[in-house]
Amino acid sequence: MAIYSPFSTSQLMPQEEKLEVARHKSELFIGVPQEIAYQERRICLTPDAVASLTSHGHRVLIEAGAGESASFSDKEYSDAGAEITNDTKKVFSCPIILKVEPPTLSEIEMMNPKAIIISAIQLKTQKKEYFESLSKKKITALAFEFLKDEDGSYPAVKSLSEIAGIASIHIAAELMINQNIGKGLLFGNITGVRPTEVVILGAGTVAEYAARTALGLGASVKVFDNSITRLRRLQNLLQHRIFTSTIQDKILLKSLMRCDVAIGATRGKNRAPVLVTETMVEQMKKGAVIVDVSIDTGGCFETSEITTHERPTFIKNNVIHYCVPNIPSRYSKTASMSISNIITPLLLHVADDGGLESAIRCNRGLKNGIYSYHGLLTNKAIADWFNLEYRDINLIVF
C-alpha cells in the first residue's frame, strides 16, 4: 500500500544549506543641516569625523555655517572632504540626515520618502503630528537617547550628563565671583578658610560628575537621594567618603542653610520631583547659588524658572538661580566632539554591514535606537504616550 506524502522524491533528498549572503560594504551619503532650534549651537560631526567618513568613501554634505556656533569653519569641513552648500533643501534630500535637535515638521517635509534621520527626540517637547509626519513619508528615525552600548548603557545620554555635571560646578564658580551678583567667594579650599559647601540633589551621572569636579576643587560635598543603592554606587565611583543622605526635609534644610552652592540633578518618570520648597530657599544664605540642571524636566527647586543662555540668571529670595535648559549647548565644541565620537563609529558600522537594514539585525543597541521604521512606530512608550499604533521591531526585523 502506497504511503501518501505531500513532498516529491527530490524534495525529500538532502539539500545544500542556503546561508544568508553577507552584503557588501555600502557607501553612505550624509546630510548635516544647520540647526535652527533656539539656543542650539552643537553639530553632529566634527571636521575630524568628516575626514574619517570621507576616507572610507562616504559623502558628507554640510550646510554652510552649520558648524560656526561650535567653532568649526566651513573651510575646516571642506578640507576634511565635505561638500558645502547653501541649499537647505539639498541637504535634507540626502538619504541620511544628522541633526542634534529633532527635525521640525517643515524640515521633515523637505526630506525624501524612506530617508533616515538620526537626532535627539526630546519626547517631552513632541506632538502627535511629528510622528504622523514621519509615518506619512515612511521615514526611519533613530534617537540619541535610545541608542545602547554593549554594556546596556546609553552612551549619548551619559556623555551629555557628564558635561552637564562638570559644567554645573564651573557655572556656580563663575557666578560666585561675578562682579554684579556674586559675593566674591573663591570655589575651593584655601588654608585657614572654610571650604565651599556644595549640596547635590540626586545621585546619577550628572551628580557623579558634579561631585567629582567639586571635590577636585577642594569643596565639601553633600549628596541627597532616596536610593541607598545609588548613593552607595556614587561613593564607590568617587572612591571618596562624602556625606550622603536620603531626602529628609529636616536634614536637607539644615544642609541648604549652610551651603554656598546647590545643584539640582534629579529626574522623575515624567517630571523632576520638587524637592526644595520656596520656604527652604528663603532660608538659604544670601548670595548662595542654585544651578538647577533638572530644569529640562521641570526643575527640582520650587523657585526655578526657565532662563536662557543670553540671560541665564535671576535672583529670588536673595539666592542666585541658574536655570538654563540644555547646558551642554553652552559648551558647544566639547558637546559636538562628544556626540561626534558616538555617531561616527555607528555610521562606519552601518556602512560595513551593508546599510542600516543589515546593521540592526546584529546590533541590538542600534536597533533599540529606532523609534520609527519605514514610518511604523516601533517604540511602545511613545505609542502609549501619544495613543498611536505600535509595531514591535523584533517582529519586523529579525
Side-chain angles (χ1 to χ4, degrees), residues 19-32 44-45 49 52-53 56 58 94-103 108 111-124 126 130-161 205 338-386 388-398:
L19 298 175
E20 182 180 3
V21 178
R23 295 191 182 186
H24 296 292
K25 180 178 175 180
S26 64
E27 293 183 2
L28 306 180
F29 188 11
I30 303 159
V32 184
C44 285
L45 294 178
S52 177
L53 288 166
H56 283 79
H58 308 303
C94 293
I96 300 175
I97 309 295
L98 295 183
K99 284 184 94 281
V100 178
E101 294 284 325
I108 293 174
M111 294 169 64
N112 287 333
K114 298 186 178 181
I116 298 170
I117 175 74
I118 304 175
S119 71
I121 185 174
Q122 297 177 353
L123 189 56
K124 300 291 190 300
Q126 294 301 348
Y130 172 78
F131 302 100
E132 290 173 342
S133 296
L134 294 177
S135 178
K136 184 180 177 182
K137 287 216 162 183
K138 300 186 184 304
I139 289 172
T140 297
L142 289 82
F144 295 152
E145 299 98 314
F146 300 153
L147 290 170
K148 278 189 177 181
D149 233 330
E150 293 89 348
D151 61 356
S153 64
Y154 296 86
V157 175
K158 186 174 178 64
S159 183
L160 295 175
S161 294
T205 303
S338 180
I339 294 171
S340 183
N341 287 341
I342 295 166
I343 295 299
T344 307
L346 183 146
L347 291 170
L348 292 173
H349 172 71
V350 167
D352 288 342
D353 280 353
L356 185 65
E357 304 284 342
S358 298
I360 60 179
R361 283 189 172 89
C362 54
N363 189 325
R364 290 185 179 180
L366 181 62
K367 185 188 287 187
N368 195 73
I370 295 177
Y371 62 92
S372 174
Y373 183 75
H374 293 294
L376 299 173
L377 189 59
T378 57
N379 185 290
K380 193 173 189 308
I382 296 175
D384 292 344
W385 184 274
F386 293 99
L388 293 167
E389 186 179 351
Y390 160 73
R391 298 287 295 276
D392 188 342
I393 192 168
N394 294 303
L395 300 177
I396 305 172
V397 180
F398 49 88

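Keep in mind that this is a model prediction, so the values were computed, not measured.
- Across Pro102 and Ser119, no two heavy atoms sit closer than the pair CA-OG, 3.6 Å.
- A side-chain donor-acceptor contact under 3.5 Å links Asn379 to the backbone of Ile382.
- Nearest heavy atom pair, residue Leu356 against residue Val350, reads N-CG1, 3.4 Å.
- Separating the CG atom in Leu28 from the CD1 atom in Ile116 is a distance of 8.5 Å, to the nearest 0.5 Å.
- Across Lys137 and Met111, no two heavy atoms sit closer than the pair NZ-O, 2.5 Å.
- With Tyr373 as the partner, the side-chain hydrogen bond (donor to acceptor under 3.5 Å, both in side chains) test is satisfied by one option alone out of Lys367, Glu357, Arg391, Lys138: Glu357.
- Using a 4.5 Å heavy-atom threshold, the side chains of Phe144 and Pro155 count as separate.
- Once rounded to the nearest 0.5 Å, the distance linking CD1 of Ile97 with CZ of Phe29 reads 9.0 Å.
- Using a 4.5 Å heavy-atom threshold, the side chains of Leu45 and Ile339 count as separate.
- Nearest heavy-atom pair, Gln126 versus Ile121, reported as atom, atom and distance to 0.1 Å: NE2-O, 3.0 Å.
- Rounding to the nearest 0.5 Å gives a distance of 9.0 Å between CD1 of Ile30 and SG of Cys94.
- The backbone N or O of His374 lies less than 3.5 Å from a partner atom in the side chain of Thr140, making a donor-acceptor pair.
- The shortest distance between side-chain heavy atoms of Arg364 and Lys148 does not fall below 4.5 Å.
- Separating the CG atom in Asp151 from the CG atom in Asp149 is a distance of 5.5 Å, to the nearest 0.5 Å.
- Not less than 6.0 angstrom separates the ring centroid of Tyr154 from the ring centroid of Phe146.
- Each of Leu388, Ile393, Asp392 was checked for a side-chain contact (heavy atoms from CB on, under 4.5 Å) with Tyr390, and the lone residue meeting it is Asp392.
- Checked options Asn368, Asn363, Leu346, Ile370; the residue passing with Leu147 is Leu346 (criterion: side-chain contact (heavy atoms from CB on, under 4.5 Å)).
- Contact annotation: the side chain of Pro95 never approaches that of Asn112 to less than 4.5 Å [non-hydrogen atoms, C-beta and beyond].
- For the pair Ser340 and Ala49, the tightest heavy-atom approach, listed with the atom from each and the gap, is OG-CB, 3.0 Å.
- Judged by distance alone, the side chain of Ser372 and the main-chain N or O of Ile139 form a donor-acceptor pair under 3.5 Å.
- Rounding to the nearest 0.5 Å gives a distance of 9.5 Å between CG of Asn394 and OG1 of Thr378.
- Using a 4.5 Å heavy-atom cutoff, the side chains of Glu389 and Leu377 are not in contact.
- With His58 contributing its side chain and Glu27 its backbone, the two residues share no donor-acceptor pair below 3.5 Å.
- Neither side chain, Glu145 nor Tyr371, offers a donor N or O lying under 3.5 Å from an acceptor on the other.
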**Study point:** Criterion side chain to side chain contact (heavy atoms under 4.5 Å, CB included) on Leu376 and Ser135, from CA distance to verdict
**Key:** CA-CA 6 Å; Leu376 299 173; Ser135 178; over 6 Å; no
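- One finds the CG atom of Asp353 at 11.0 Å from the CG atom of Leu348 (value rounded to the nearest 0.5 Å).
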